[in-house]
Structure formats: structure tokens, C-alpha cells
Protein chains: 2
Amino acid sequence: MNKHAHSESSQPLKIPTLSDVALAAGVSYATADRVSNERGNVADKSVRKVRDAMDALGYVRNAAAANLSRRRTYRLAFLLPKGPNAFFSRVRAHIDSLLNHLQADQINVTIIEIDAFEIEGLKRSLLSIADAAYDGIAVVGLHSPEIVEPLEKIRSQGTIVVGLVSDLPTLHREAYIGINNVAAGRTAGRLLGLAHADKQGRVQIIAGSLKARDHKDRLKGFSDVIREDYPKIELLDPIMARDNPDKVKAAVNEALIAKPKVTALYNVGAGNTGLVEALEQNTRKKRFFCVVHELVQHSHKALLNKHVDVVIDQRPDEEIDRALTTLKALIDDRTALPMQDLVPTIYVRDNLPSNNSHTTPD
Amino acid sequence: MNKHAHSESSQPLKIPTLSDVALAAGVSYATADRVSNERGNVADKSVRKVRDAMDALGYVRNAAAANLSRRRTYRLAFLLPKGPNAFFSRVRAHIDSLLNHLQADQINVTIIEIDAFEIEGLKRSLLSIADAAYDGIAVVGLHSPEIVEPLEKIRSQGTIVVGLVSDLPTLHREAYIGINNVAAGRTAGRLLGLAHADKQGRVQIIAGSLKARDHKDRLKGFSDVIREDYPKIELLDPIMARDNPDKVKAAVNEALIAKPKVTALYNVGAGNTGLVEALEQNTRKKRFFCVVHELVQHSHKALLNKHVDVVIDQRPDEEIDRALTTLKALIDDRTALPMQDLVPTIYVRDNLPSNNSHTTPD
DNA sequence: GCCAAAATGATTGGCGTCAATCAATAAATG
DNA sequence: CATTTATTGATTGACGCCAATCATTTTGGC
């Protein structure tokens with residue numbers, strides 16, 4: 001009764017090689033190779049024999065041997081905004097930590113710093129790498145028609161382009177690796193709404209700039225959820241703080257003092273050090289329900305200190321891993337492999353990672 | 001650290017080989033090889049010369065060539081509970097989807113089904129694979145001293161053993177890949193607490209069995225948080241439903257009818273189809289705040305239908321990926337690589353994966 | 001300075017695939 | 001039928017590393 005069933009897979013100690021396939025198919029190695037690598041000039045009949053033999057033996061090309069023989073190396077570049085931003089420090093740190101491992105697989109990654117969020121800077125950077133003959137690049141992009149031309153110049157040389165964190169013009173990149181920021185905003189709104197439990201509320205929103213697409217998307221998602229499902233919560237006009245800690249601090253203080261009925265804060269963008277500072281100095285007894293984005297050193301600490309209740313994070317480590325996997329796959333066979341959606345992650349005090357790569361100081 | 005300038009990467013990019021290292025170090029290939037593979041019988045002076053040359057050239061062993069030459073194949077097994085459990089179906093499906101990719105890297109994975117959560121069955125299964133000479137196994141385990149002996153028998157043959165989802169006796173496995181269930185329970189408690197916003201509340205807890213360590217841990221975490229931070233919420237005695245949908249349904253109905261002041265439900269374990277059924281037939285207008293575990297088809301749907309408010313998930317896909325990576329690393333060099341903690345993931349209606357290819361809306 | 005031990009050098013045959021060459025055979029054409 | 005053309009076969013040298021053998025040199029003990 002308690003038999004354990006082995007699954008379909010047997011114990012093939014002998015892994016079939018292409019020679020084995022050729023033998024089984026009754027053709028020469030050369031023909032099997034022609035089929036395997038789609039070199040053409042093979043009769044349909046032979047193709048079928050070889051393919052059948054492959055299935056029968058369960059042949060899978062040995063990736064190590066193939067890569068070795070092919071002398072394939074992957075030349076990749078990541079174009080990241082420069083500057084002291086804590087989030088992108090996390091990204092860079094993670095790439096650095098992978099460098100050795102990647103090199104063992106002949107994957108060479110270069111980080112190129114670009115002017116953060118300025119179309120002209122991005123455009124210039126793209127043009128300047130157009131001749132560098134990368135096999136693939138991941139770009140923290142902007143959704144602007146102005147960069148279509150440089151993108152196409154790069155792509156015309158066979159370079160694979162993917163968007164990272166923030167998307168590029170959809171038709172001019174192969175894939176986008178990042179979260180859906182509307183969903184991220186909705187998630188923030190949902191938790192904030194839940195935490196009001198049918199009570200009245202007023203939210204002060206702080207954002208960087210509505211020109212940044214991610215901020216705009218988050219704000220939209222957030223507002224939609226509140227309006228749809230939490231009508232008792234009032235949305236105050238967002239304060240624009242340009243992701244600047246000082247401006248954020250001022251905004252929070254304004255909300256604390258000039259708008260005494262505020263029950264919650266939502267910071268759409270960066271600059272959370274300022275937010276935490278303001279809250280630490282807060283003399284009001286009643287506390288805010290507070291939602292911010294991106295788990296970095298100070299937001300992590302603020303969560304533990306109870307100045308912040310929820311952090312919505314986009315898991316840059318995973319984004320990088322996926323960007324690498326996707327680029328490699330696209331370069332190899334020009335087909336992206338299906339992966340589960342990247343999704344905004346919710347952190348509260350109790351599900352924080354303890355061994356962290358995100359505590360890198362900025 | 002932050003010295004990532006525009007890299008000088010337009011060169012031919014000659015990746016150094018071990019021959020290059022030998023040449024640069026002024027020793028023979030044989031000596032460089034002795035150092036590289038730690039074969040011993042090398043003078044300290046030579047070791048130093050070779051190591052210096054490696055650093056100077058930035059030598060990293062070509063993994064493809066090494067694996068090919070070594071003729072290394074990885075024979076792995078996953079021991080999973082059998083039965084129709086939705087969660088483990090997800091696990092199996094994910095492994096299946098990886099099979100081809102893995103085989104290209106000479107990784108052969110066998111799924112072995114074991115009697116779910118019965119010590120005797122697990123023990124028998126372990127003993128029966130002891131001679132199969134796997135390089136590594138991942139076991140959905142039990143924290144019981146009875147399986148120490150079979151585990152040690154397996155390990156004595158050089159097989160690497162890791163715990164998966166549910167841990168094994170700590171000293172008798174190499175690593176554990178799974179979430180911290182106390183944290184998972186705390187997370188559930190935190191969200192349920194937040195959603196009460198200082199109001200009174202009563203929670204009906206439903207659990208499978210407190211003999212299962214994961215359930216016990218979750219329950220502890222949950223109760224701790226409520227007691228610590230939400231004193232206005234009363235914890236009713238847990239109902240044991242053995243992860244059985246019918247029993248869960250009965251438990252929910254009991255809470256609905258016999259305990260009219262219940263404001264929230266927390267299902268620690270499985271059997272959520274029963275929970276949803278009961279809620280769908282609920283005639284009371286006031287709804288519960290409802291937290292369950294594991295994102296599977298029906299809990300996903302329940303989240304969208306608003307019968308469930310929060311799902312705590314352990315991301316089995318990622319667990320599998322990590323189990324594979326960890327096993328491979330341990331087999332290769334007997335050292336687990338550092339990875340960010342696996343953490344309980346929170347899903348609300350708005351951050352669900354949609355599994356479509358990731359195209360930004362415009 | 002002799003001899004054993006230790007260290008180093010030199011070289012080789014794979015591993016499985018790729019990419020090429022050249023010869024040999026089969027099929028198609030007029 | 002002769003002559004193209006298409007298809008197959010046979011073989012080979014990388015790729016970079018591993019693992020082994022055997023020869024040679026250096027070192028250290030006495």
C-alpha cells in the first residue's frame with residue numbers, strides 16, 4: 001500500500017550523444033549534425049529518421065560541449081542611472097556579486113552609467129555604445145519616441161535590447177523586465193485602504209515628478225483603488241518632492257502640521273530618508289499609516305521602527321537575474337523563455353529578509 | 001566600488017585560459033593545473049606565482065570546458081508527498097517545465113513520491129533510495145529523530161541532502177530551502193491586525209494538525225503578533241480540519257453560525273476549496289477578513305472574488321530553482337552560495353501574477 | 001657531494017560539439 | 001546515357017580543461 005512510485009524518468013546513466021543518435025537513425029554523424037544544427041541540404045526522409053532517433057533516445061544537446069566548441073561569449077551591458085540612488089546601488093551591488101559566476105559561463109557584463117532620467121543623456125549614451133557590438137543590453141529606459149532611432153541603430157547590428165525597471169518604447173525592445181507600476185500603486189492603495197477598516201481617512205501623497213512614467217503609473221493605480229473601494233478616504237493633492245529627501249521631509253512636515261486630519265502617507269518615489277526624519281521628530285501622538293516603495297537600508301529600518309508600515313518592493317535582485325537569463329536566451333535562440341510574472345512585493349515588519357543584499361549603504 | 005566608468009570593452013575580449021596563466025606565471029601548464037585543481041605537490045613559491053598570475057589576468061575557469069572534461073552529471077531526486085494537493089502539483093509542474101533545460105546541463109531530476117507526512121512512509125522511501133547513488137536529493141521532510149538513521153545512511157554515500165518546504169533534522173541535512181513559517185504566521189497576523197485598525201475583533205483559526213511543524217510554527221507566529229500588537233483581537237481556539245476541504249467548510253460554517261461575532265478567519269493549512277464554498281454560501285451580509293496560505297488556482301480566484309483578502313505564499317517556483325542551484329553548488333564544491341532569504345510573499349487582489357508576457361499598457 | 005624526495009616540465013588522449021573539407025553516392029535532368 | 005545537382009559519408013582540428021604518465025630538474029638530509 002505504501003509503495004512509492006518512481007516518476008517516468010528512469011536511470012539513464014549513459015547520456016546519449018549525437019553519435020548515438022546518428023547510429024540509431026542509421027545515418028552518418030555528419031547528417032545527424034546537419035539536422036541538429038539545421039544546416040540544410042538534408043532529405044526529408046533523413047531529417048525524420050534523425051528527429052525520431054532523438055526523441056527515442058531523449059537526446060538533448062550538451063550545452064557545455066556546444067558552448068565550448070562554439071567559442072560563444074556573451075558581451076552584455078547594463079545601462080543604469082548614475083548617482084547615489086539607494087535602489088540602483090542595490091542593483092549594481094547585485095551585478096557585482098554575480099560577476100565571477102557569470103564569467104565562468106563566458107558572460108561578460110559591463111555597467112554603463114547614464115544620466116538619470118534625462119532623455120538627452122540616455123540618447124547620447126545609447127548612441128555612444130552603438131558601435132561597441134554588444135550581444136545584448138539592458139536599459140533602464142524612458143518611454144520616449146526620441147530614443148527610437150538610437151535603439152534601432154543598436155538593434156540593426158544584432159544587439160538584443162531589453163527594458164529594465166522602466167520600459168522602453170514597446171516596439172523597439174525585445175522584452176521588458178520590471179514590475180507593472182500601476183499594479184504597484186494599486187497594491188499600495190489596497191493595503192492603505194485595508195488598514196482604514198471602513199473608517200474615515202485622508203491621504204497625503206508625495207511623488208517625485210509626474211513626468212516619470214513609473215510615478216504616474218503608481219499614482220494612477222493608487223488613486224483608482226482608493227476611489228473604487230475606499231470612498232471614505234480622501235485623496236489630498238500630491239506634493240511634488242523630486243525624490244529629494246529634504247523636499248520630502250518638508251512635505252511630510254506640512255502634512256503633519258498644516259493638515260492635521262491626515263491619517264496616512266504614501267510616498268510614490270524616493271527620498272524616504274527625509275520622510276523618516278520628519279516622522280522621527282513628529283510630536284503628534286497619533287501616527288500615520290505609511291506606505292513607501294523600495295526596500296533599502298533606511299526603509300528597512302523604518303519598517304522595524306514602526307515609522308513605516310508597508311514597503312512595496314520590486315526585488316531588483318530578481319530583476320537582474322531575469323534580465324540576464326532573458327538576454328542569454330534571446331541571444332541563443334531568439335526566443336524568450338516563459339517566466340512567471342514579476343510582481344510588486346509587499347513587506348511588512350514580519351516578512352523581511354534577514355540576510356540581505358539590500359543593506360548596502362547608498 | 002562605484003568605479004564603473006564607460007568600460008573599455010570594445011577590444012577583441014580575449015578571455016585568458018589556464019595556458020595563458022601558466023605562461024604569465026613562468027611555470028608549465030602542468031604546474032598551473034596542479035595549482036588550479038589543488039592537486040598538491042607544488043612549492044609555495046610556485047603556488048604564489050600562479051595565483052598572482054590568475055589575479056593579474058582575471059582568470060576564471062571555463063565552466064563549460066571543465067564540466068565537459070570532467071564528464072560530470074548530476075543525478076538528483078526530489079522526494080515530494082504524493083496525492084492531489086494543489087501546492088505540490090504546482091511544484092511538480094514547475095520541475096517538469098525545467099526538465100529539458102536541466103538535461104542540457106547534464107542535470108537529471110527524478111521525482112519520487114512519498115507518503116505525505118507519515119514518518120514511516122518517509123523513512124521507508126529514504127531507505128529505498130539509499131543505494132540509488134544520487135548525487136543529491138531534496139526532501140520535503142519531517143522534523144523527526146526517526147529519520148536520522150536513513151538520512152545518515154544516504155549521506156554516508158556522499159549524497160547531498162537538503163530539506164525543502166518543510167525542514168529535516170537540522171544536523172542531518174546540508175541546507176534548508178523554504179520559508180520561515182513562524183514569519184509566515186506573523187505576516188498573516190500582521191495583515192489581519194492592520195485590517196482591524198484598532199477595532200475589536202475575533203479570529204477563528206483553522207489548522208490541519210499541530211503535529212505538522214509548519215502549522216505549529218505559523219500558528220505561533222500568528223498568535224504572537226496578535227497578542228503583542230493587537231490586544232483588541234480575540235483568538236478563538238483553533239479548529240482542526242486536517243487540511244480536508246469538507247472539514248474546513250464545516251469549520252467555517254460553525255464560525256459563521258455559532259460564533260456570530262467573528263470578524264476574521266485564518267486558515268493555517270490547506271483545504272481552502274471548502275473555505276471558499278462556505279463563504280460563497282454565506283448569507284450574512286457582514287463579511288470576514290480572510291487570510292489563507294498558498295496561491296493556487298482556487299485561492300487566486302477567491303482573492304479576485306473578494307472571498308479572501310490576503311494570500312500568504314511561499315513561491316514554490318523559486319524554491320525549486322533554489323533547491324536546484326543549491327544542490328548543484330554543494331555537489332560541485334561543497335559550499336552553499338549565499339542567497340537572499342526566501343520570504344513569505346503577500347498577495348492581495350492587486351499584485352497577482354497574470355502570467356502573460358510582460359508588455360506595458362500604454 | 002651523493003642520494004632520495006620533492007617539485008616541475010612536457011606531453012597526451014579524451015570529453016561532445018561545431019564547422020569545415022573532400023570524397024562518394026544517389027537522384028534528377030535533358 | 002551522360003551530366004549536373006543533391007544528398008550523404010568520412011574525417012578532422014579546434015574549444016579549454018582534466019587526469020594521467022613519464023622524464024627531468026631542484027632541493028634537502030647526511
Side-chain angles (χ1 to χ4, degrees), chain A residues 12-51 53-54 57-74 102-108 331-333, chain B residues 12-51 53-54 57-74 102-108 331-333:
Chain A
L13 199 59
K14 166 64 179 161
I15 293 172
T17 72
L18 194 54
S19 299
D20 298 328
V21 171
L23 203 65
V27 302
S28 70
Y29 179 87
T31 297
D33 171 69
R34 286 182 183 107
V35 174
S36 167
N37 290 49
E38 290 170 315
R39 300 187 205 280
N41 292 321
V42 185
D44 290 357
K45 190 184 58 172
S46 300
V47 173
R48 232 176 304 114
K49 282 198 289 184
V50 173
R51 291 248 128 88
M54 284 179 169
L57 299 184
Y59 171 78
V60 178
R61 150 202 286 118
N62 181 328
N67 284 338
L68 180 58
S69 172
R70 247 195 271 260
R71 259 170 276 191
R72 178 182 285 312
T73 62
Y74 303 85
L102 291 171
Q103 202 168 343
D105 292 320
Q106 311 303 108
I107 299 173
N108 191 292
I331 291 167
D332 278 343
D333 34 58
Chain B
L13 189 71
K14 162 67 178 158
I15 294 174
T17 72
L18 193 54
S19 298
D20 298 328
V21 171
L23 203 65
V27 300
S28 70
Y29 178 87
T31 297
D33 171 68
R34 286 181 184 110
V35 174
S36 168
N37 289 49
E38 290 169 319
R39 299 188 205 278
N41 293 321
V42 185
D44 290 358
K45 190 183 58 172
S46 299
V47 173
R48 230 175 307 115
K49 282 197 290 184
V50 173
R51 292 249 127 89
M54 284 178 169
L57 299 185
Y59 170 79
V60 178
R61 155 203 279 115
N62 181 327
N67 284 339
L68 178 59
S69 172
R70 248 193 271 258
R71 258 172 279 190
R72 168 48 92 269
T73 63
Y74 303 84
L102 292 171
Q103 203 168 345
D105 291 322
Q106 310 303 109
I107 300 174
N108 191 292
I331 292 167
D332 279 341
D333 33 60

How many whole angstroms separate atom [atom1] of [X] from atom [atom2] of [N]?
{"X": "A/Asp44", "N": "D/dA6", "atom1": "CG", "atom2": "P", "answer": "15 Å"}
{"X": "A/Asp33", "N": "D/dT8", "atom1": "CG", "atom2": "P", "answer": "13 Å"}
{"X": "B/Tyr29", "N": "D/dA20", "atom1": "OH", "atom2": "C1'", "answer": "12 Å"}
{"X": "B/Arg72", "N": "D/dC18", "atom1": "CZ", "atom2": "P", "answer": "12 Å"}
{"X": "A/Arg34", "N": "D/dA6", "atom1": "CZ", "atom2": "C1'", "answer": "11 Å"}
{"X": "A/Asp105", "N": "D/dG16", "atom1": "CG", "atom2": "P", "answer": "15 Å"}
{"X": "A/Arg70", "N": "C/dA19", "atom1": "CZ", "atom2": "P", "answer": "6 Å"}
{"X": "B/Ile15", "N": "D/dC15", "atom1": "CD1", "atom2": "P", "answer": "13 Å"}

Legend entry - Atom pair NZ (A/Lys49) and CE (A/Met54), whose distance is rounded to the nearest 0.5 Å: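 So the gap between those two atoms works out to 14.0 Å.
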
Validation row: [X], [Y] side chains within 4.5 angstrom (heavy atoms):
{"X": "A/Leu18", "Y": "A/Ser36", "value": "yes"}
{"X": "B/Ile331", "Y": "B/Tyr74", "value": "yes"}
{"X": "A/Val50", "Y": "A/Val27", "value": "yes"}

Inset, instruction - Establish whether the base of C/dG14 is bridged to the side chain of B/Ser69 by a donor-acceptor pair shorter than 3.5 Å. - result: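 Looking at the base of C/dG14, it does pair with a donor or acceptor on the side chain of B/Ser69 (distance under 3.5 Å).
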
Looking only at the side chain of [X] (C-beta and beyond, no hydrogens), which of the listed nucleotides [options] gets closest?
{"X": "B/Leu18", "options": "C/dT17, D/dC17, C/dC15", "answer": "D/dC17"}
{"X": "B/Asn62", "options": "C/dA19, D/dC17, C/dG16", "answer": "D/dC17"}
{"X": "A/Ser36", "options": "D/dA14, C/dT17, C/dC18", "answer": "C/dC18"}
{"X": "A/Arg61", "options": "D/dG9, C/dT17, C/dA10", "answer": "C/dT17"}

Touch class at under 4.0 angstrom, heavy-atom based, for [X] against every strand present:
{"X": "A/Leu68", "result": "base"}
{"X": "A/Asn67", "result": "nothing"}
{"X": "A/Ala43", "result": "sugar-phosphate"}
{"X": "A/Ala66", "result": "sugar-phosphate"}

Legend entry - Donor-acceptor contact below 3.5 Å, side chain B/Asp20 vs main chain B/Thr17: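 Such a contact is found between B/Asp20 side chain and B/Thr17 backbone.
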
Inset, instruction - Please check if the side chain of A/Asn67 supplies one atom and the backbone of A/Ala64 the other of a donor-acceptor pair under 3.5 Å. - result: no

Legend entry - 5' priority, DNA chain C, between A/Ala65 and B/Val42 [closest heavy atom]: B/Val42

Inset, instruction - Please tell me which of A/Val60 and B/Asn41 maps to the more 5' nucleotide of DNA chain C, matching each residue to the nucleotide holding its nearest heavy atom. - result: B/Asn41

Inset, instruction - Please check the phosphate of D/dT8 (OP1 and OP2 only) for any side-chain N or O of A/Ser46 closer than 4.0 Å. - result: yes

Inset, instruction - Taking only the side-chain nitrogens and oxygens of B/Asn37, find out if one of them lies under 4.0 Å from OP1 or OP2 of D/dC18. - result: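 Answer is yes, contact under 4.0 Å.
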
